[in-house]
A.B. asks: 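Quick one: the structure is below, questions incoming.
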Amino acid sequence: MDLKTENTAIADESKFSYKRILTGDRPTGPLHLGHYAGSLKNRIRLQDKYETFILIADIQALTTNFEHPEKLKENILLVALDYLSAGIDPDLSTIIIQSMIPEIAELTTFFSMFISINPLKHNPTIKTEAKERGYKELTYGFLGYPVSQTADISVFKADLVPVGIDQLPHIELSRKIIRKFNELYGGKLIEPFALIDKFPRLVGLDGNLKMSKSYGNAINLSDDFDLIKTKIKSALTDKNRIHPSDKGNPEICTIYSYHMAFSNENLVEETEYNCRNGKIGCVKCKDNLFSVIKNLLEPMNERRAYYLKNTDEIWDILIAGTKKAEKIASEVIKEVKDSMKILYFPRS
Ligand code: TRP
């Protein structure tokens, strides 16, 4: 999807002085290497630079999993554990549980009064997602999730939203909704910019375009090393290479794309050269990749082991984050209502 060209919703990090980041994930299961390469790694870099809010979007998860709200609690914990293990620092990043901030739902309702449904129906990401999931009819909540996502961003006055390229249509829409809100009511909500994740989502172990839990082609951050080794062994390479001396095409090899995502430049170059010239076999190349991934995950596993022994601490972090978020959201909703002239009297 080449949405990048000339898009005004894309942030230019060098030009502006952004202040507050908001981004999020739906808690639908454990995070995998694709999440790490695509977004987590970036967030870990950004948290040093900006005030960072990360939303565990449990309500948004219900747009596709409304039959099973009972799974959310465990999934929230798993996602938070993955964040903390990966290196999201709770002193630098505020982790929030979406449903614990009712102001988000409130603001979603206000936005939904003036946004028409056509841009939602024609949103390319909504369309693709609906198609992938085989939805014939869309629920109100699913169709409207970009509106609710706009409220996620606005209620914290975030100006920078690091997301994958698939989310860009949503950020464009957010900007339009917020502009309209400000025009209608003289509001002061901030039009955010998207900071597009530089590394696109990883391909799956089976060569499928997307590593995804639902396709069963992912290496989870929480997988143990034996399992990771087995998964790497099973990964699709250049099918035409049978002997190590056969000349390969790294560009069609899953393993090579993982090298590009995780290995240092030297190893990437060496791998490319050796593969093209039939100087390394796939088995050895996979071993090399396994070592790289093992090195990446080892420090994460140390933190994981700590938090697994101290799950109360994870909940404490979530409670503290949500409390901090609550303060900001309640101020912003007051401003919103004030600008709409519906702040009839203060609530205790
Ligand atoms: N839709 C995002 C995703 O599926 C998750 C998300 C929810 C989000 N709320 C957000 C992302 C607000 C950015 C900002 O990846």
Side-chain angles (χ1 to χ4, degrees), residues 13 18-61 71-104 149 151-164 167 192 195 197 220-223 295-332:
E13 257 199 288
Y18 302 100
K19 292 182 191 71
R20 186 178 286 168
I21 276 180
L22 182 123
T23 187
D25 296 290
R26 299 176 190 177
T28 52
L31 301 183
H32 51 65
L33 280 179
H35 293 111
Y36 181 78
S39 64
L40 279 178
K41 193 175 164 194
N42 201 26
R43 292 180 196 171
I44 292 160
R45 169 182 78 85
L46 293 166
Q47 66 182 353
D48 285 323
K49 227 167 137 189
Y50 304 103
E51 193 183 0
T52 297
F53 290 84
I54 304 178
L55 192 74
I56 303 186
D58 58 338
I59 297 186
Q60 197 178 105
K71 290 191 179 158
L72 285 174
K73 190 172 181 185
E74 194 189 340
N75 283 341
I76 288 170
L77 191 71
L78 282 180
V79 169
L81 176 62
D82 281 337
Y83 285 166
L84 296 165
S85 310
I88 297 289
D89 179 343
D91 290 331
L92 299 173
S93 291
T94 304
I95 308 175
I96 310 160
I97 301 178
Q98 188 187 32
S99 66
M100 297 302 288
I101 309 291
E103 286 85 352
I104 295 173
Q149 195 161 306
D152 295 340
I153 301 166
S154 298
V155 92
F156 300 114
K157 289 203 165 161
D159 51 0
L160 199 57
V161 188
V163 279
Q167 297 286 305
L195 187 62
D197 297 333
N220 294 333
L221 297 175
S222 50
D223 284 347
N295 282 340
L296 173 75
L297 295 184
E298 250 158 9
M300 295 191 201
N301 286 348
E302 262 174 48
R303 284 188 289 264
R304 183 179 300 280
Y306 170 82
Y307 281 112
L308 272 174
K309 268 196 230 128
N310 299 280
T311 43
D312 283 356
E313 225 173 284
I314 307 180
W315 283 112
D316 288 345
I317 289 167
L318 292 172
I319 293 168
T322 302
K323 274 218 170 98
K324 182 174 163 190
E326 216 172 69
K327 274 206 191 102
I328 302 171
S330 71
E331 281 307 310
V332 172

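Any value given below was found using the heavy atoms of this structure, including those in side chains, with hydrogens, waters and symmetry copies removed. Owing to the predicted nature of the structure, the values given are computational and were not obtained by experimental measurement.
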A.B. asks: Return the set of residues passing side-chain hydrogen bond (donor to acceptor under 3.5 Å, both in side chains) with Tyr36 (not counting sequence neighbours), or none when no residue passes.
C.D. replies: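 Checked Tyr36 against side-chain hydrogen bond (donor to acceptor under 3.5 Å, both in side chains); zero matches.
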A.B. asks: May I ask you to test the Leu84-Ile95 pair for a side-chain heavy-atom distance under 4.5 Å?
C.D. replies: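 In short, these two side chains touch, coming nearer than 4.5 Å.
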A.B. asks: Please report the interatomic distance CG(Asp152) to CD1(Ile59), rounded to the nearest 0.5 Å.
C.D. replies: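 Reported value, rounded in 0.5 Å steps: 8.5 Å.
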A.B. asks: Output yes when a side-chain donor or acceptor of Asp159 lies under 3.5 Å from a complementary backbone atom of Pro192, and no otherwise.
C.D. replies: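 No, Asp159 side chain to Pro192 backbone: no donor-acceptor pair under 3.5 Å.
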A.B. asks: Using 4.0 Å as the upper bound for N to carboxylate O, is an ion pair formed by Asp82 and Arg304?
C.D. replies: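 Salt bridge flag = yes for Asp82 with Arg304.
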A.B. asks: What is the minimum heavy-atom distance between Ala158 and Leu22, and which atoms define it?
C.D. replies: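 For Ala158 and Leu22, the tightest heavy-atom pair comes out as CB-CB, 3.6 Å.
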A.B. asks: Is the count of non-hydrogen atoms from other residues, nucleotides or ligands lying under 6.0 Å from Met300 atom CE greater than 12?
C.D. replies: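 Yes, because the 6.0 Å sphere around CE of Met300 holds more than 12 heavy atoms from other groups.
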A.B. asks: Rounded to the nearest 0.5 Å, how far apart are CG of Leu40 and CG of Asp197?
C.D. replies: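 Between Leu40 CG and Asp197 CG, I get 9.5 Å after rounding to 0.5 Å.
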A.B. asks: Taking the side chain as C-beta and beyond, is there a heavy-atom pair between Thr23 and Phe53 under 4.5 Å?
C.D. replies: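 The answer is no; the side chains never approach within 4.5 Å.
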A.B. asks: Counting N and O atoms only, with roles assigned by atom type, does the side chain of Gln47 sit under 3.5 Å from a partner on the main chain of Asp89, one being a donor and the other an acceptor?
C.D. replies: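 Checking the backbone N and O of Asp89 against the side chain of Gln47, a donor-acceptor pair under 3.5 Å is found.
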A.B. asks: How long is the straight-line distance from CG of Leu318 back to CD1 of Ile97, given to the nearest 0.5 Å?
C.D. replies: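 The CD1 atom of Ile97 sits 4.5 Å away from the CG atom of Leu318.
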A.B. asks: Go through the steps to decide whether Arg43 and Asp25 satisfy the test salt bridge (Lys or Arg N to Asp or Glu O under 4.0 Å), and finish with yes or no.
C.D. replies: CA-CA 12 Å; Arg43 292 180 196 171; Asp25 296 290; 2.8 Å; yes
A.B. asks: How about Ile314 and Asn310: do any of their side-chain heavy atoms sit closer than 4.5 Å?
C.D. replies: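 No; the side chains remain at least 4.5 Å from each other.
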A.B. asks: Looking at every heavy atom in both Val79 and Pro27, which two are closest together, and how far apart are they?
C.D. replies: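 So the two residues come closest at CG2-CA, 3.9 Å.
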A.B. asks: Please check if the number of heavy atoms outside Lys49 that lie under 6.0 Å from its NZ is greater than 12.
C.D. replies: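 Yes, NZ of Lys49 has more than 12 neighbouring heavy atoms, counting only those of other groups under 6.0 Å.
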A.B. asks: Which atom pair, heavy atoms only, marks the closest approach of Pro30 to His35?
C.D. replies: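 It is O-CE1, 4.4 Å.
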A.B. asks: Under 4.5 Å between any side-chain heavy atoms of Leu221 and Leu297, yes or no?
C.D. replies: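 Counting from C-beta outward, Leu221 and Leu297 do come under 4.5 Å.
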A.B. asks: CG/Asp58 to CD/Gln98 distance, rounded to the nearest 0.5 angstrom?
C.D. replies: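 The CD atom of Gln98 is 5.5 Å from CG of Asp58, to the nearest 0.5 Å.
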A.B. asks: Just wondering, are more than 12 heavy atoms of other shown residues or ligands nearer than 6.0 Å to NZ in Lys157?
C.D. replies: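 Above 12, so yes.
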A.B. asks: Ignoring hydrogens, what is the shortest heavy-atom contact between Asp48 and Ile44? Give both atom names and the distance.
C.D. replies: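 Nearest pair, atom of Asp48 first, then Ile44: OD2-O, 4.1 Å.
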A.B. asks: Quick one: do Ile21 and Val161 satisfy side-chain contact (heavy atoms from CB on, under 4.5 Å)? Show the steps, please.
C.D. replies: CA-CA 6 Å; Ile21 276 180; Val161 188; over 6 Å; no
A.B. asks: Between Thr52 and Tyr50, is there a donor-acceptor pair closer than 3.5 Å when you use the side chain of the first and the backbone of the second?
C.D. replies: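 Checked: pair present.
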A.B. asks: Heavy atoms, side chains only, cut-off 4.5 Å: are Leu31 and Asn220 in contact?
C.D. replies: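 Counting from C-beta outward, Leu31 and Asn220 never come under 4.5 Å.
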A.B. asks: Would you mind reporting whether Leu46 and Pro162 have side-chain heavy atoms less than 4.5 Å apart?
C.D. replies: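 Yes, close enough: below the 4.5 Å cut-off.
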A.B. asks: Give a yes or no on this: more than 12 heavy atoms of other residues, nucleotides or ligands lie within 6.0 Å of atom CD of Glu74.
C.D. replies: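 It does not: Glu74 CD has 12 such atoms or fewer within range.
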A.B. asks: Ignoring hydrogens, what is the shortest heavy-atom contact between Leu72 and Ala61? Give both atom names and the distance.
C.D. replies: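 Looking at all heavy atoms of both residues, the closest pair is CD2-CB, 3.9 Å.
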A.B. asks: Can you list the steps and then say if Trp315 with Leu77 is a side-chain contact (heavy atoms from CB on, under 4.5 Å)?
C.D. replies: CA-CA 8 Å; Trp315 283 112; Leu77 191 71; 3.5 Å; yes
A.B. asks: Roughly how far, to the nearest 0.5 Å, is the CD1 atom of Ile319 from the CD1 atom of Ile96?
C.D. replies: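 Ile96 atom CD1 to Ile319 atom CD1 measures 14.5 Å (nearest 0.5 Å).
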A.B. asks: To the nearest 0.5 Å, tell me how far Ser222 OG sits from Leu81 CG.
C.D. replies: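 These two atoms lie 7.5 Å from each other.
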A.B. asks: Looking only at heavy atoms, which two atoms of Val332 and Ser154 are closest? And how far apart?
C.D. replies: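 In terms of heavy atoms, the two residues are closest at CG1-O, 3.8 Å.
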A.B. asks: Taking the side chain as every heavy atom from C-beta outward, state whether Ile328 and Arg20 have any pair of such atoms under 4.5 Å apart.
C.D. replies: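 They are in contact (side-chain heavy atoms under 4.5 Å apart), so the answer is yes.
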A.B. asks: For residues Gln60 and Gln149, determine if any side-chain heavy atom of one lies less than 4.5 Å from a side-chain heavy atom of the other.
C.D. replies: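 The answer is yes, as the side chains (C-beta and beyond) meet within the 4.5 Å cut-off.
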